[in-house]
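Okay, structure first, notes after.
Given the structure is predicted, the values throughout are model-derived calculations rather than measurements.
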Amino acid sequence: MELKVETIKKKAVVHFPDNQQMTGFFFVSAISAFRDGGELVSELLARDRNYIPFEYEDGEIALLRKENIMMVYIEEDPADNEMPGYKQVPVVIHLLSGQTISGLVSFALPQTHSRLSDFLNSREAFFRLEVQGKNFLVQNRFVKLITADQSDSKKNQD
């Protein structure tokens, strides 16, 4: 008898530090170890693995070295914004590649440790960034620095 874990394909665009990108699918488990429903791509990337299977749009399978993934755009993953204490912080992320990205970092932490720096220091590799309603996972090691998004506060003052 063969035991096989049921997987679901999740469409994604993977960005690398050399500004190349790949479009295709990650394979996630139909059952999440952390909540009801299927596994999120963020949970897949949090696993202790060096290589992750990825299917190109033409059906070819590649093994991506996780530490070389700079950022992933995920079409189908919901944000984890149902948690108590959830907050969104507008930021500008400056990547080592020279790119800058403005968006919202979303997180939920206990009230005593609810600063953005507390959240980022608790993340091992990837964190979620919402850019104009789209979900990205950004790998910490490719971030040069993060600043507050002043344009967002100026909009609120006008």
Side-chain angles (χ1 to χ4, degrees), residues 8-28 32-52 54 56-57 64-158:
I8 299 167
K9 288 183 183 182
K10 292 278 186 155
K11 187 161 188 170
V13 180
V14 178
H15 299 258
F16 296 97
D18 61 1
N19 292 322
Q20 291 191 359
Q21 59 187 45
M22 296 171 36
T23 302
F25 303 91
F26 285 109
F27 300 95
V28 296
S32 171
F34 305 104
R35 52 180 193 71
D36 291 338
E39 181 179 42
L40 299 175
V41 173
S42 57
E43 293 169 342
L44 173 71
L45 293 173
R47 284 198 217 154
D48 189 20
R49 296 176 135 181
N50 289 322
Y51 289 88
I52 299 173
F54 187 81
Y56 290 99
E57 290 179 303
L64 300 183
R65 182 145 172 90
K66 184 172 70 172
E67 74 174 26
N68 293 330
I69 297 172
M70 181 174 72
M71 187 168 57
V72 178
Y73 164 61
I74 313 154
E75 287 187 8
E76 302 161 1
D77 258 11
D80 305 325
N81 56 5
E82 305 297 321
M83 301 156 93
Y86 173 83
K87 66 188 333 184
Q88 291 185 306
V89 178
V91 297
V92 178
I93 296 181
H94 302 260
L95 298 170
L96 292 173
S97 66
Q99 297 169 276
T100 58
I101 306 165
S102 297
L104 298 169
V105 173
S106 307
F107 60 92
L109 287 175
Q111 204 60 27
T112 56
H113 294 86
S114 61
R115 298 173 306 181
L116 177 62
S117 61
D118 294 326
F119 168 72
L120 292 170
N121 285 318
S122 72
R123 307 310 304 162
E124 293 206 7
F126 292 87
F127 62 91
R128 187 177 297 274
L129 178 71
E130 184 182 317
V131 180
Q132 299 175 345
K134 295 180 179 181
N135 285 313
F136 289 84
L137 297 172
V138 179
Q139 185 163 185
N140 265 323
R141 70 185 216 96
F142 292 105
V143 175
K144 183 189 303 182
L145 59 98
I146 298 176
T147 58
D149 188 345
Q150 300 300 327
S151 66
D152 198 61
S153 59
K154 289 177 189 166
K155 286 181 209 167
N156 295 335
Q157 291 173 357
D158 292 339

Closest non-hydrogen contact found for S102 with V92 is OG-CG2, 3.6 Å

Going by salt bridge (charged side-chain N to carboxylate O under 4.0 Å, His left out), name the residues that satisfy it together with R47, two or more places apart in sequence or in a different chain. E39

Can you name the residues that form a side chain to side chain donor-acceptor pair (under 3.5 Å) with Q132, not counting sequence neighbours? none

If you apply the rule side-chain contact (heavy atoms from CB on, under 4.5 Å), what do you find for Q21 with M71, and how did you get there? CA-CA 9 Å; Q21 59 187 45; M71 187 168 57; over 6 Å; no

Within this structure, what is the CD1-NE2 distance for the pair I101 and H94, rounded to the nearest 0.5 Å? 10.5 Å

Counting C-beta onward and ignoring hydrogens, is there a side-chain heavy-atom pair between F25 and K10 closer than 4.5 Å? no

Side-chain heavy-atom pair V41, V28 within 4.5 angstrom cut-off: yes

List the residues meeting side-chain contact (heavy atoms from CB on, under 4.5 Å) with S97, not counting sequence neighbours, and say none if there are none. N19, M70, L95, Q99

Applying ring pair (Phe, Tyr, Trp, His ring centres under 6.0 Å), can you list everything that pairs with F54, at least two apart in sequence or on another chain? F26

Contacts of Q20 that satisfy side-chain contact (heavy atoms from CB on, under 4.5 Å) - sequence neighbours left out: D18

Evaluate the side-chain contact (heavy atoms from CB on, under 4.5 Å) criterion for residues Q139 and L137: first the C-alpha distance (whole Å), next the side-chain angles of each, then the deciding distance (0.1 Å), finally the verdict. CA-CA 7 Å; Q139 185 163 185; L137 297 172; over 6 Å; no

Measure the spacing between CG of L129 and CD1 of I146 and express it to the nearest 0.5 Å. 8.5 Å

Can you list everything that forms a side-chain contact (heavy atoms from CB on, under 4.5 Å) with L96? Sequence neighbours excluded, please. K144

Quick one: ring pair (Phe, Tyr, Trp, His ring centres under 6.0 Å) partners of Y73, sequence neighbours excluded? F136

Would you please test I69 and R141 for side-chain contact (heavy atoms from CB on, under 4.5 Å) and show each step? CA-CA 10 Å; I69 297 172; R141 70 185 216 96; over 6 Å; no

Close side-chain approach of L104 and R128, heavy atoms under 4.5 Å: no

Between F16 and L64 the two heavy atoms that sit nearest each other are CZ-CD2, 4.2 Å

Sub-4.5 Å side-chain heavy-atom contact between V105 and V138: no

With sequence neighbours left out, what residues match N50 under side-chain contact (heavy atoms from CB on, under 4.5 Å)? R65

